[in-house]
Each structure stands twice: as C-alpha cells, then as structure tokens.
Novice: 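First the structure, then my questions, so here it is.
Below, chain A is the first sequence line, B the second, and so on; all start at residue 1.
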Number of protein chains: 2
Amino acid sequence: MPFVRTELVVLCVAQGELQVLLSRRAEEPHAGKLGLPGGVLRIDEDATLEGAAQRVARERLGRELPNLHQLCAVGGAERDPRAPWALSVVYRSLVQPELAVTPGKRVQALEWRAVGGLADHGPLAFDHGELIDKAVEATRAQIEALDYPPGWVQEPFTLPELQAFSAAVLGRELDKVTFRRRVEATGQVEALQGEMRSGGAHRPAQLYRFAGC
Amino acid sequence: MPFVRTELVVLCVAQGELQVLLSRRAEEPHAGKLGLPGGVLRIDEDATLEGAAQRVARERLGRELPNLHQLCAVGGAERDPRAPWALSVVYRSLVQPELAVTPGKRVQALEWRAVGGLADHGPLAFDHGELIDKAVEATRAQIEALDYPPGWVQEPFTLPELQAFSAAVLGRELDKVTFRRRVEATGQVEALQGEMRSGGAHRPAQLYRFAGC
DNA sequence: TCAAAAGTGTTTGGGTTACACCCATGG
DNA sequence: CCATGGGTGTAACCCAAACACTTTTGA
C-alpha cells in the first residue's frame, strides 16, 4: 500500500493580496525550499480524510481550519523518494487574515507569501506550485459565484469591505454598482438597521451581516 | 497505511438518457447490490493514479477509458470492513454509447442504468450513490460549458445531434437557436462543406466535425 | 469649503430566450 | 401537397459594465 499524506493549501487576504501559507522545509527531500504544510495519514488516529487534514492542521499550524474543501489527490511512484509510492490528498481553506498560526513540529517557520510572483522566490517543493495554482483557481471560482465561506469575513462588515476582499481574491478590480446589486440579489446579506461604520473623512458605510446567523 | 482503491464512474448517453455503468457485486461486502467498478491500487504495476484507474478499467471493463477526470477521494476507518482504513480515489469518464465493455475478473455482470431513478432499484453499495451524483454534476457542468470531451460523439455529427446528446446529459431541453449560436461562437466546430445527413422526411442536416482534428 | 468614499439612477451592450418564419425532403 | 425536422431572422429580456450624480463625513 502507498504512503499516504495530507497537504494543506491555506489562503488568506492580507495587504490587499491573496496569500498562501508556506513552510520552510527542514528535512529532505527538498530541504530548504518552501512547501505546503502537510503530514502523514494516521489510520489509528484519523476517522476520515477531513479529520486527518484537521489533525495535521492542529499539529503543524496550532489550530483547526474552517472552510476546508478537498482539492484533489495526487500520487505516483516517483512522487516522494522516501517511499516507493506516495499519495497525497490535498485540501484548501480560506481563512481570516488575523488567523494565528503557530509553527508546530517539523516546521521551521511559517510564512505568508503572496500568490502572485511566487516563482520569484525559487522553486517550491514537489509539485506544490501546481497545487497552489489549482487551489487559487477553485477559490476564485467560489468567490466569483459569491459563495462566501462562513466566518471568512468578520461580521459585521460593509459592502465596500466585502468588495475589497473579493477583489483581492480574484486579483482584479470589481465594479461597485454591479457588486452591490449581485450581492443584494443573492439575499445572503442583511443590513443592520441604523448601524454604520464611520471610518474616515467620508460618508459612513452601512453595516451588514450574513443572513441566517 | 490505508487500503487504497480506485473507483470508476463511467457515463454515457443512450436511449436519450444519461446512463451509468454498474456491476452486480459478487462478493462481500454488499454482495448482490449494484456498485461502481473498481479495484485495488497496485504500487508495483501502476506508475500514477490515473494509470491505476486505466489498469482497473482494462481489467474490469476490457478497455481503457477516454476523458478520464479525477472526481474526488473518499476515505475513512469505517468505509470498508475488509480493511481497518480504506481510501478510494474516484474517476469519471464520459464515453460513447457504443463503447463495448466486457465484464472482467470479479465482476458478475455490467449493466447500464439510467441515472434518473437509480434509487428505485435498491440501495447501491458503499456510498456509490453519492459518488454517481457528484460525477453527474461535474459532467453536467462540463457539457453546460460546451466543453465536449474529444471522441465523445462520433464525427461527423449534426448540430441537432449534438444538441440532443447535450440535452440528455443535462436532463433538460435546450433552445435550438441559443444552442446553435453558442456552439458556433466557440469556434470548436467546423461545417463540412457540401456534406449533409439526410435522415428522414425532412431537410438534411449540415454535418460538422470538431476543429483541430 | 473641499476631498474622499458611500450609495443611487441611467444608459449601453452582450448574450440568452422566445417566437415566427423559411427551407428541403419523403411520403 | 403536406407533415416533419433543419435552419435563420427578429424582438424581448436579463444582467453586467460604465458613467454620472448625490450623500455624508472629517479635516
């Protein structure tokens, strides 16, 4: 039977850009390179695949992950020199930028890196570059469809804030009018009557929260 | 390490309906029930996950499958009583209705079943019902986007034929004008000058083939 | 008073839908 | 000639994009 692992693609929006959580690998193979946090499946501890991913998150990042979606499985005989056959099940998660992650065992350091221009910092370990691309694509499709993962933006929020987050994920500007109309048409947000956010030298913004909370 | 298998969701259009290839299980667990064809990953024979799926297809169905797409991976401690932990990587494929499948080892019989009303024939083995639903959903999204798998329809074909196949996959009628315009706009089909299909008591239809063949 | 950002109304254009109509063939 | 299905033109409609404009605040 093959050597089975779980890899995590953890994304967030910070500094107006989509970022991915990477770790500097301490051990071979690919020691010194940046790679996705991951870990071996433990059939004595994990009840399900997603449970395994959450355990790996606890061990490596110090906490569980919200909005965990399975991305794909990759595997082959030549994938990992530590085993004759290696299989990885990859999960993605979109988290709040304020997520506190604490490096865990066998992780030298955790770093947020903007997904644009990742190639500038040298090659990533294994095929992790392609996995990140796939995760970004799936996440963008989700946000494009206004399918907001619960708990991603802290409530209450304003529509311009939601628009800015969405634009950061998508990597392109969004039209204000179109965005407002599309979001309001979905019916998933409701205005908080009388509550505003007065942030600067401009008109305060209406606060919203997701309906059904 | 877990027990790793590959399962195949093979779909085709026949009798104007989307059908799935199922096998009557000869052995426990779930003996006698209908289930997806599948097989165990062989790390000594298979170089990749997709290679494993193709080997399973050769052994169980007597041929390789075109348009093979990975659907998901499912796994857990309670998944299969034959092992303490079982993991399945699921693939889907859309094939021509004329595909000849010959039952292989450990498969009593292969049957095409319409995906509508599958529940009427008793429960399926494992979670194969849910896997079929996911495969149908993914296939419908692909056809909805006019992303036709190469070799799915035999060329040459007429646009009404392509429309009928698409409608069968999607499970709903399609507007003739809209369908023609959308297909022609993609530029992936080209008319065969002067070639027509005269099938009945009506005007013959223009024959097409996919561009870039 | 002004700059800046929130929020609204209007127009434009692309693409889908619906409908009417013509075309070509077999019976 | 007529029924049948292939193929085309036109108008209505929906939605997103672009633009102009008003509103409200802090400086």
Side-chain angles (χ1 to χ4, degrees), chain A residues 13 15-16 140-148 153-210, chain B residues 13 15-16 140-148 153-210:
Chain A
V13 171
Q15 287 90 48
R140 284 184 171 156
Q142 182 180 347
I143 297 300
E144 185 91 54
L146 303 187
D147 173 17
Y148 292 108
V153 286
Q154 60 254 51
E155 305 177 65
F157 54 87
T158 69
L159 289 192
E161 285 170 1
L162 192 63
Q163 177 182 344
F165 274 112
S166 305
V169 171
L170 298 177
R172 63 183 176 86
E173 292 308 305
L174 294 172
D175 180 76
K176 182 175 54 168
V177 180
T178 302
F179 184 80
R180 296 183 74 88
R181 285 209 261 264
R182 287 186 63 206
V183 170
E184 284 166 357
T186 65
Q188 60 183 319
V189 300
E190 56 187 8
L192 298 168
Q193 298 305 326
E195 297 192 51
M196 299 288 186
R197 172 162 302 166
S198 33
H202 52 79
R203 173 173 173 177
Q206 173 67 55
L207 285 172
Y208 288 82
R209 64 181 173 91
F210 286 110
Chain B
V13 171
Q15 287 90 48
R140 284 183 171 157
Q142 183 180 346
I143 297 300
E144 185 91 55
L146 302 186
D147 174 15
Y148 292 109
V153 287
Q154 60 255 47
E155 306 178 64
F157 54 86
T158 69
L159 289 193
E161 285 170 0
L162 192 63
Q163 178 180 345
F165 274 111
S166 304
V169 171
L170 297 177
R172 63 182 176 84
E173 292 308 305
L174 293 173
D175 180 75
K176 181 175 52 167
V177 179
T178 303
F179 183 79
R180 294 185 75 89
R181 285 210 259 263
R182 287 187 64 207
V183 170
E184 285 166 357
T186 66
Q188 60 183 318
V189 299
E190 54 187 9
L192 297 168
Q193 298 306 326
E195 298 192 50
M196 299 287 186
R197 172 161 302 166
S198 32
H202 52 79
R203 174 175 172 178
Q206 173 67 55
L207 285 172
Y208 288 82
R209 64 181 174 90
F210 286 109

Novice: Can you sort out the partners of A:Q188 under side-chain hydrogen bond (donor to acceptor under 3.5 Å, both in side chains), two or more places apart, ordered by chain and number?
Specialist: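 A:T186.
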Novice: Which pairs count as side-chain hydrogen bond (donor to acceptor under 3.5 Å, both in side chains) when at least one residue sits in residues 199-208 of chain A, sequence neighbours excluded?
Specialist: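 For residues 199-208 of chain A, and leaving out neighbouring residues, there are no side-chain hydrogen bond (donor to acceptor under 3.5 Å, both in side chains) pairs at all.
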Novice: According to side-chain hydrogen bond (donor to acceptor under 3.5 Å, both in side chains), who are the partners of A:S198, at least two apart in sequence or on a separate chain?
Specialist: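 A:S198 satisfies side-chain hydrogen bond (donor to acceptor under 3.5 Å, both in side chains) with no other residue.
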Novice: On DNA chain D, does the nearest nucleotide to B:Y208 precede the nearest nucleotide to B:H202 from the 5' side, or the other way round? Give the residue.
Specialist: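 Between the two, 5'-proximity favours B:H202.
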Novice: Closest nucleotide of DNA chain C for A:E184 versus for B:P204: which of these residues is on the 5' side?
Specialist: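 With A:E184 and B:P204 compared, the 5'-side residue is A:E184.
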Novice: Nearest whole angstrom, please: distance from the P of D:dT24 to the CD of A:Q206.
Specialist: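 Those two atoms, CD and P, are 13 Å apart.
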Novice: Which residues pass the side-chain hydrogen bond (donor to acceptor under 3.5 Å, both in side chains) test with A:Q163, not counting sequence neighbours?
Specialist: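 With sequence neighbours excluded, A:Q163 shows a side-chain hydrogen bond (donor to acceptor under 3.5 Å, both in side chains) to no residue whatsoever.
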Novice: Applying salt bridge (charged side-chain N to carboxylate O under 4.0 Å, His left out), which residue pairs with at least one partner in residues 160-180 of chain A are found, sequence neighbours left out?
Specialist: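 Of all non-adjacent pairs touching residues 160-180 of chain A, those that pass salt bridge (charged side-chain N to carboxylate O under 4.0 Å, His left out) are A:E144-A:R172, A:E161-A:R197.
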Novice: Would you say that B:E184 contacts B:L159 through its side chain, given a criterion of any heavy-atom pair below 4.5 Å between the two side chains?
Specialist: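 Counting from C-beta outward, B:E184 and B:L159 do come under 4.5 Å.
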Novice: Can you name the side-chain hydrogen bond (donor to acceptor under 3.5 Å, both in side chains) partners of A:T158, sequence neighbours left out?
Specialist: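 A:T158 satisfies side-chain hydrogen bond (donor to acceptor under 3.5 Å, both in side chains) with no other residue.
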Novice: Would you mind reading off the distance between B:E161 atom CD and D:dG5 atom P, rounded to a whole angstrom?
Specialist: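 Between P of D:dG5 and CD of B:E161: 14 Å.
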Novice: Of all nucleotides in DNA chain C that come within under 4.0 Å of a heavy atom of chain A, which is furthest toward the 5' end and which toward the 3' end?
Specialist: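 Nucleotide range with atoms under 4.0 Å of chain A: C:dA3 to C:dT10.
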Novice: Only counting residues at least two apart or in another chain, list the ones meeting ring-ring contact (aromatic ring centres under 6.0 Å, His included) with A:F179.
Specialist: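 Residues passing ring-ring contact (aromatic ring centres under 6.0 Å, His included) with A:F179: none at all.
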Novice: Indicate for each nucleotide in nucleotides 11-23 of chain D, in 5' to 3' sequence, whether protein heavy atoms under 4.0 Å reach the base (B), only the sugar-phosphate (S), or nothing (-).
Specialist: -----SBBB---B
